[in-house]
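Notes to accompany the following structure.
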Amino acid sequence: MYEELRRLAAQKMAQEAAGQTLQATALVHDAYLRLVDTEKVQQWNSRGHFFAAAAEAMRRILIERARGKARVKHGGDWHRVDLETLDVDGGISSDQLVALDEALAKLTQLDRLAGDLVKLRYFAGLSITDAAQALGMSTATAYRQWAYARAWLRSELSAEN
């Protein structure tokens, strides 16, 4: 039965937009927990009835997550900008470059490693692995610092506009 639920969840997830963070296994587990609620004992008339209830539970979970992501509290009005594709050589105006430099100076004051990582990635063009090695940190730490630095810079740069 688990494999059938997993297949059903995979079908539901295939219909979702790209970038979904919920995986089919997690969806199955969440739906199962709703189906076997110990306070409300459920009676299933047939196998089909159980799977229909499972499909409904999965649908509700996906809708709740979509509504949650759309809330302003969870960044619903923000749009993702990929800072890795930013072309520093010519795709950025001088005003934007100055703003980036000022934001980077603030970041470096708050977290030197994050600031140094951004400098190595943006301006030296190093890969995350090479930048981590140059700074003497693990690659996993570098990925975390990189995610933090990008989010912080994005927030700082959007606050200035």
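Since the structure is predicted, the reported quantities are computational estimates derived from the model, not experimental observations.
- Proximity of Y148 to L107: side-chain heavy atoms (C-beta onward) are separated by under 4.5 Å at one or more points.
- Rounding to the nearest 0.5 Å gives a distance of 11.0 Å between CG of L100 and CD of E156.
- With S155 contributing its side chain and A151 its backbone, the two residues share no donor-acceptor pair below 3.5 Å.
- Across L104 and G115, no two heavy atoms sit closer than the pair CD1-O, 3.8 Å.
- Separation of atoms CG (D111) and CH2 (W152) is listed at 10.0 Å; rounding is to 0.5 Å.
- Counting heavy atoms from C-beta outward, K119 and T108 have side chains that approach closer than 4.5 Å.
- What you find for A142 and A132 is that their closest heavy atoms are CB-CB, 3.5 Å.
- Annotation: the span from L126 atom CG to R121 atom CZ amounts to 8.5 Å, rounded to 0.5 Å.
- Rounded to the nearest 0.5 angstrom, R150 CZ and L157 CG are separated by 13.5 Å.
- To the nearest 0.5 Å, the span separating CG on D130 from CG on L120 amounts to 9.5 Å.
- Between Q145 atom CD and D116 atom CG the span is 10.0 Å, to the nearest 0.5 Å.
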